[in-house]
2 protein chains.
Amino acid sequence: MTSRGSGEERGKMKGIRELAEHLDISIGTVSRALNGKPDVNEETRRRVLEAAESLGYVANQSGRALRKGATGVIGFMMQTGSEITGQGDTFFMSVFDGVQTVFARHKLDLVALLCSSEEDPNDYLKRVVARGFADGIILSATRRHDARFELLAKRKIPFITLGRSLTDVGQPWLDLDFEGMAEASIDRLVSRGHKHIAVTRPHDDMNLGYVFEDQCRATLARHGLRLDDRHVFRSTPNEAGGYQIARELTALENRPTAIVLINEAITVGLYRGLEEAGVRPGRDMAIIGRQSPHSQFLSPRLTSFSLSLRDLGIALAESLLATMPAFADIYEERSARLLWPMGLVPGESD
Amino acid sequence: MTSRGSGEERGKMKGIRELAEHLDISIGTVSRALNGKPDVNEETRRRVLEAAESLGYVANQSGRALRKGATGVIGFMMQTGSEITGQGDTFFMSVFDGVQTVFARHKLDLVALLCSSEEDPNDYLKRVVARGFADGIILSATRRHDARFELLAKRKIPFITLGRSLTDVGQPWLDLDFEGMAEASIDRLVSRGHKHIAVTRPHDDMNLGYVFEDQCRATLARHGLRLDDRHVFRSTPNEAGGYQIARELTALENRPTAIVLINEAITVGLYRGLEEAGVRPGRDMAIIGRQSPHSQFLSPRLTSFSLSLRDLGIALAESLLATMPAFADIYEERSARLLWPMGLVPGESD
DNA sequence: CATAGTATCGTAAACGTTTACGGAAGCCAA
DNA sequence: TTGGCTTCCGTAAACGTTTACGATACTATG
């Protein structure tokens, strides 16, 4: 039952050597034929390809990697775990999808490196790097000070970050235009008469929190307003965090009339918390947030900033390739650092 | 600026050979010391470990994999893409987290294999397998007929599936106890007087849809009721799908009084759709679903089935290890096939 | 015909490990 | 002393590729 002969139960290919013997050609020529090298007769190449196909030969990647000193793998490091889960998981999935399509074109394999909640991200990356696992790395969820940058720089591994950091080692990065979002949000709310505006940011050291709060503060100042420190709400980037924010927000004596959410995963919790306090989004409190799979299905619909995550992923991948010697010629014109614009999708919540 | 001497800017380790020379020991002994083999003096082992640490030596995995014929990598195949995004992304992240912790104990590296939305999952897996990428594979999102099972079985790659399928090649699997969920849901609703109960299922060939609908039908029959074919709603597993279901549901002339949701990501969309039709969950329509990061923050709170995703991941990993020769002795007592129970968390929606 | 050039291919040396095998000590008992 | 264990270590052969180099045959050119 286990040896179900499927007709073409071809024996195990032992390697390129056996394939060469079968063809009565030298193994060098076979390798060249397989890899599209020029020094090989087209007729023999055809024979080789054909035999490889029919015999089910596939190159052993360990041997290949050993010889070439490159693995053909790109790692995309994300974060997961109970603290974070609920965050931008769908966000990363979509970006990943875009990245994937680019690398597939170059026969590079993309894998997701998900750091367990039990392990320190730095240690995790150290392990991955030590293994020589990937030829290139994409880092996301960058922190204000991020030791991972230095680790990769020291090891001279090509990498790009989705997000900025004070730790700058000259690597390329892409980031969402949180400045633009902050500015547009504040402008919009102020123009609608709001004078007491709250903002949210992650509870931890994520870099975007600093960028966002600073820009909100600056834009408010431009309007002659100031950001009350009690109106800056830190929370875990998940529903529970949103709920908590709502509790604190509604408990304030001088309650702000509007709030801007930097994280998209807190929205449902925030809505719930507000409702329990009898505060209706869009009527009693203006809310502007980030688009997510459910933001347009909330009630009231969330006024939110959106972007094409897939396109972002494509740009990310291409910028990384531009820094890799083997592909530099193809993508050299890529800009190394880019703020990705977001567009406002009006809803019913502000 | 780029060559920032960090004090211990140790030169590149060339390999185990150089390490051996530095210690004036043979490379064989060094290897044995590093790998914890018995045939080595504890004193020399200490010296080797120390030198490796201080010189920053790490074994080249390509060489190791080539020699050992194993990569030390486990792949967890998930799905992503616009059609699916919004589905159980957080679901998979949490399961992954559990899986990760187990493999880390055995120095196995776990990576997520995310099939792009552009590529056929079968082709994708074929590529991964051909590369000899992983020593073991975890498959999720199993379909009614799933060619991936046969592919892996033919290549004799150890694997386990999170989900069942009609395609059974004797591999171990774990699956959520959808039968139990269906039964408990129907029992609960019937006992509360509902006679016209609707169910949802994925729009595509996911196996769980069949299992779930069949069991709902059977349980209803036990109560002398029948499942109206018009009360079986198929949808994409995302918010838009939930919204669509609500539209269809509320448009029916003989509207059912309750609905059971097999997918957790459709809930927000469903709520929105119902509200637009003036149907209030829990009052005008009973809803039972699956727990998700936001289900307890919806209004009304979702009555839902929950489980420990992390523990599920741990069990999944251990069951896979039990099928791998190198670890079989440690985990042999694992049961090969298991329905993972889910518990009901009462909410306000039914 | 001699020569240079080109197209094609074979040979063999890497790449960095792990491990089977055997050898050299040291120890103990007979 | 001899022989047999045990403990430790060195040697060298794999593992499956890629690729620099050189060899061969053929073509074109003078």
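Throughout, a chain's letter reflects where its sequence line sits, starting with A, and its residues are numbered from 1.
- Annotation: proximity of residues 68-75 of chain B to DNA chain C (heavy atom, distance under 4.0 Å) is found for B/Lys68, numbered in ascending order.
- Residues A/Asn35 and B/Gly28 each lie close to DNA chain D; by heavy-atom proximity, the contact nearer the 5' end of the strand is made by B/Gly28.
- Under a 4.0 Å N-O distance rule, the pair B/Asp168/B/Arg337 qualifies as a salt bridge.
- B/Ser31 has no side-chain polar atom (N or O) that falls below the 4.0 Å cut-off from OP1 or OP2 of C/dT17.
- Here the C1' atom of nucleotide D/dG16 and the CZ atom of B/Arg64 are 18 Å apart, to the nearest Å.
- For the pair A/Leu34 CG and C/dC9 C1', the computed distance is 16 Å after rounding to whole Å.
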task: For the pair A/Arg32 and A/Asp39, evaluate salt bridge (Lys or Arg N to Asp or Glu O under 4.0 Å) and give the outcome as yes or no after the intermediate values.
output: CA-CA 7 Å; A/Arg32 281 188 294 265; A/Asp39 280 17; 5.8 Å; no

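- Side-chain N/O atoms of B/Arg67 and base N/O atoms of C/dT17 include no donor-acceptor pair closer than 3.5 Å.
- Rounded to an integer number of Å, the gap from B/Arg131 CZ to D/dG16 C1' is 14 Å.
- Remark: the B/Tyr331 side chain and the B/His106 side chain contain an N/O donor-acceptor pair separated by less than 3.5 Å.
- Regarding B/Leu66, its CG atom lies at a distance of 4 Å from the C1' atom of D/dC15, rounded to whole Å.
- What separates NZ of B/Lys37 from C1' of C/dT17 is a distance of 11 Å, to the nearest Å.
- With C/dT17, D/dG10, C/dA14 as the candidates, the nucleotide lying closest to the side chain of B/Ile16 is C/dT17.
- The nearest whole Å value for the distance from the CD1 atom in A/Ile25 to the P atom in C/dT8 is 13 Å.
- In the set D/dT11, C/dT17, C/dT11, D/dT11 carries the atom at the smallest distance from any side-chain atom of B/Arg32.
- The aromatic rings of B/Phe92 and B/Phe76 sit perpendicular to each other, their planes meeting at more than 60°, with 30° as the lower class boundary.
- Taking atom CG of residue B/Leu23 and atom C1' of nucleotide D/dC8, one finds them 16 Å apart after rounding to whole Å.
- For DNA chain C, the neighbouring residues in residues 38-46 of chain A, judged by any heavy atom under 4.0 Å, are A/Asp39, A/Val40, A/Asn41, A/Thr44.
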